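Worksheet: one structure, shown below.
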Amino acid sequence: MCRTALGVTTLQDLGVCWRKEHDPAEMLRVGRAELGGWKPSWEAIVKEVAAATGHTVVLVDQTEDILAKSKKGIEESLRKVAKKKFAENPKAGDEFVEKTLSTIATSTDAASVVHSTDLVVEAIVENLKVKNELFKRLDKFAAEHTIFASNTSSLQITSIANATTRQDRFAGLHFFNPVPVMKLVEVIKTPMTSQKTFESLVDFSKALGKHPVSCKDTPGFIVNRLLVPYLMEAIRLYERGDASKEDIDTAMKLGAGYPMGPFELLDYVGLDTTKFIVDGWHEMDAENPLHQPSPSLNKLVAENKFGKKTGEGFYKYK
């Protein structure tokens, strides 16, 4: 497979390195360092989408067992896609799955992967210190032209980029869950990000069949900057006793046309994730009324009731 230099309009060997704790490249090599316990997630599906659009993918994680489970999850997801996409031609569906899987390799050594990649996309735990440590290490092994990008949804891209020597080749690349369905990608340009880097990431997003939008390095970028305050205001409405969570959800679905109510969405996203974002914003701007903590949210998280993934959040799940 041919390779291209940074700044051209096609990027196909993509390098994606990240660590996962929870749970959101034409001519780029795709690698993934996901250090921590594995479970099916959008992170794995990002690699699936990249592989399915002709990119070379390398999954990088701590153990071979985690890698095997991750690749199995990708295969299962691909077969579901193939069943719908090739409903009239099952053989073509099988060929699609096998061809896509053939572009996905695995490794437990991030350094050995990143040296030959053109793009590294990180999606590790939302902890600035941990992200900085990862990028500082990868910066030593990555080629000079390699672009670094973070998939963070709440931290400042500039603060992460400062851990490296390639601030001009560093940006944000924020995907949305579920990745195969959601078309949006936020491309975040810091004051140091070069235009060449920004354009390369826009082109990569388009190569994945996504619709990129641009945003400056502001907390929450576009979607979360609007969405999280909306979710928190729904909680406050409930805390004041103005309306039940069920009626709030129903009102937003029937009155605003939203597919999910705010409490349903909170449970789907993860209450721990929402709390982490709000706490981070509150630390940065404690006087902002939109960033104030919620007693009920704090209580549920303290009780390890994070939503659907734990079986209980604002609602209970079987």
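Computed from a predicted model, the values in this text were never measured in an experiment. The first residue of the sequence shown is numbered 1, and numbering continues consecutively from there.
Contact record, Ser159 with Asn132: O-OD1, 3.4 Å, taken as the closest heavy-atom pair. Nearest heavy atoms, Leu271 versus Gly313: CD1-CA, 3.8 Å. Scanning all heavy atoms of the two residues, the minimum distance from Ala149 to Phe135 falls at O-CZ, 3.7 Å. Closest heavy-atom contact between Arg225 and Thr218: NH1-OG1, 2.7 Å. Closest approach of Ser112 to Ser107, counting heavy atoms only: OG-OG, 3.7 Å. Shortest non-hydrogen contact noted between Ser294 and Leu297 is OG-N, 3.1 Å.
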Where do Glu233 and Arg236 land on the salt bridge (charged side-chain N to carboxylate O under 4.0 Å, His left out) test, with the steps shown first? CA-CA 5 Å; Glu233 187 57 28; Arg236 296 185 187 104; 3.6 Å; yes

Give the C-alpha distance, both sets of side-chain angles, the deciding distance and a yes or no for side-chain contact (heavy atoms from CB on, under 4.5 Å) between Lys206 and Val202. CA-CA 6 Å; Lys206 291 179 179 179; Val202 168; 3.8 Å; yes

Apply the test salt bridge (charged side-chain N to carboxylate O under 4.0 Å, His left out) to residues Glu76 and Lys69: give CA-CA distance (whole Å), side-chain angles for both, the deciding distance (0.1 Å), then the verdict. CA-CA 11 Å; Glu76 291 173 352; Lys69 290 178 180 177; over 6 Å; no

Evaluate Leu155 against Ser150 for side-chain contact (heavy atoms from CB on, under 4.5 Å), listing each step before the verdict. CA-CA 9 Å; Leu155 299 177; Ser150 175; over 6 Å; no

Starting from the C-alpha separation in whole Å, work towards a yes-or-no answer on side-chain hydrogen bond (donor to acceptor under 3.5 Å, both in side chains) for Thr190 and Gln167. CA-CA 9 Å; Thr190 77; Gln167 287 93 337; over 6 Å; no

Arg169/Ser194 under side-chain hydrogen bond (donor to acceptor under 3.5 Å, both in side chains): CA gap, chis, key distance, verdict: CA-CA 7 Å; Arg169 287 149 287 157; Ser194 72; over 6 Å; no

Check step by step if side-chain contact (heavy atoms from CB on, under 4.5 Å) holds for Val97 and Leu78. CA-CA 6 Å; Val97 172; Leu78 281 171; 4.3 Å; yes

Take Ser154 and Asn224 through the side-chain contact (heavy atoms from CB on, under 4.5 Å) test and state the conclusion after the steps. CA-CA 8 Å; Ser154 61; Asn224 280 339; over 6 Å; no

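Side chain of Thr250 to backbone of Asp247: no donor-acceptor contact under 3.5 angstrom is found. No side-chain donor-acceptor contact under 3.5 Å links Ser77 to the backbone of Ile74. In terms of modelled atom types and a separation under 3.5 Å, the side chain of Ser205 and the main chain of Leu201 share a donor-acceptor contact. In this structure, the side chain of Glu312 does not engage the main chain of Lys308 through any donor-acceptor pair within 3.5 Å. Between the side chain of Glu264 and the backbone N or O of Gly261 there is at least one donor-acceptor pair closer than 3.5 Å. Between the side chain of Glu122 and the backbone N or O of Phe148, no donor-acceptor pair lies under 3.5 Å.
Between Lys309 and Asp272 a salt bridge is recorded (basic side-chain N to carboxylate O distance below 4.0 Å). Here Lys299 pairs with Glu303 in a salt bridge; the nearest charged N to carboxylate O distance falls below 4.0 Å. Remark: Glu133 does not engage Lys136 in a salt bridge, criterion side-chain N to carboxylate O under 4.0 Å. Ion pairing of Glu144 with Arg166 is absent here, as no side-chain N (NZ or NE/NH1/NH2) approaches a carboxylate O to less than 4.0 Å. Under 4.0 Å is where a charged nitrogen must lie from a carboxylate oxygen, and between Arg79 and Asp94 at least one such pair does. A salt bridge does not link Asp249 to Lys245: none of the charged nitrogens lies less than 4.0 Å from a carboxylate oxygen.
Side-chain heavy atoms closer than 4.5 Å link hydrophobic residues (I, L, V, M, F, W, Y) into clusters, and following such links, possibly through other members, connects Met260 to Phe306. Hydrophobic clustering, with ILVMFWY side chains joined whenever heavy atoms are under 4.5 angstrom apart, groups Tyr268 together with Leu266. Cluster annotation: Met192 and Val187 are assigned to distinct hydrophobic clusters (Ile/Leu/Val/Met/Phe/Trp/Tyr, side-chain heavy-atom contacts under 4.5 Å, transitive). Criterion: ILVMFWY side-chain heavy atoms under 4.5 Å apart, direct or through other members. Under it, Leu290 and Ile222 are not part of a common hydrophobic cluster. The cluster map of Ile, Leu, Val, Met, Phe, Trp and Tyr, joined by side-chain heavy atoms under 4.5 Å apart, puts Phe276 and Ile157 in different clusters.
With a 4.5 Å cut-off on side-chain heavy atoms, Phe204 and Pro212 do not count as touching. Contact check for Pro293 versus Asn298: side-chain heavy atoms found under the 4.5 Å cut-off. Inter-residue side-chain proximity for Thr152 and Glu126 is flagged as met; some heavy-atom pair is nearer than 4.5 Å. A 4.5 Å side-chain heavy-atom check between His115 and Thr146 finds every atom pair outside the cut-off. Considering only heavy atoms from C-beta on, Asn127 stays 4.5 Å or farther from Lys131 through its side chain. Using a 4.5 Å heavy-atom threshold, the side chains of Thr274 and Val269 count as touching. The shortest side-chain heavy-atom distance between Pro219 and Gln156 does not fall under the 4.5 Å cut-off. Between Ser296 and Ile235 there is a side-chain heavy-atom pair separated by less than 4.5 Å.
To the nearest 0.5 Å, atom CG of residue Leu300 and atom CG of residue Asp267 are 8.0 Å apart. Summarising the geometry, atom CG belonging to Leu101 is positioned 9.0 Å from atom CZ belonging to Phe96; distances are rounded to the nearest 0.5 Å. Between the NZ atom of Lys99 and the OG1 atom of Thr103 there is a distance of 9.0 Å, given to the nearest 0.5 Å. Once rounded to the nearest 0.5 Å, the distance linking CH2 of Trp281 with CE of Met232 reads 10.0 Å. Thr164 contributes atom OG1, which lies 5.0 Å from atom CG of Asp139 (distance to the nearest 0.5 angstrom). The line from CG of Leu231 to CG of Leu226 is 11.0 Å long, rounded to the nearest 0.5 Å.
Evaluation of the side chain to side chain donor-acceptor pair (under 3.5 Å) rule for Lys83 yields no partner, not counting sequence neighbours. Residues passing the side chain to side chain contact (heavy atoms under 4.5 Å, CB included) test with Glu88, sequence neighbours excluded: none.
Judged by distance alone, the side chains of Thr158 and Asp217 do bring a donor and an acceptor atom under 3.5 Å apart.
Under the 30°/60° scheme for interplanar angles, the aromatic rings of Tyr317 and Tyr315 are found to stand perpendicular.
Sorted by first then second residue, the ring-ring contact (aromatic ring centres under 6.0 Å, His included) pairs that include residues 209-250, not counting sequence neighbours, are Tyr230-Tyr258, Tyr238-Phe263.
Taking the ring centre of Phe198 as origin, the terminal cationic atom of Lys189 falls inside the region bounded by 6.0 Å and 45° from the ring axis. At least one test fails for Lys210 against the ring of Phe175: distance under 6.0 Å to the centre or angle within 45° of the axis.
Applying the 6.0 Å contact sphere to CD of Glu283 captures no more than 12 heavy atoms from other residues, nucleotides or ligands.
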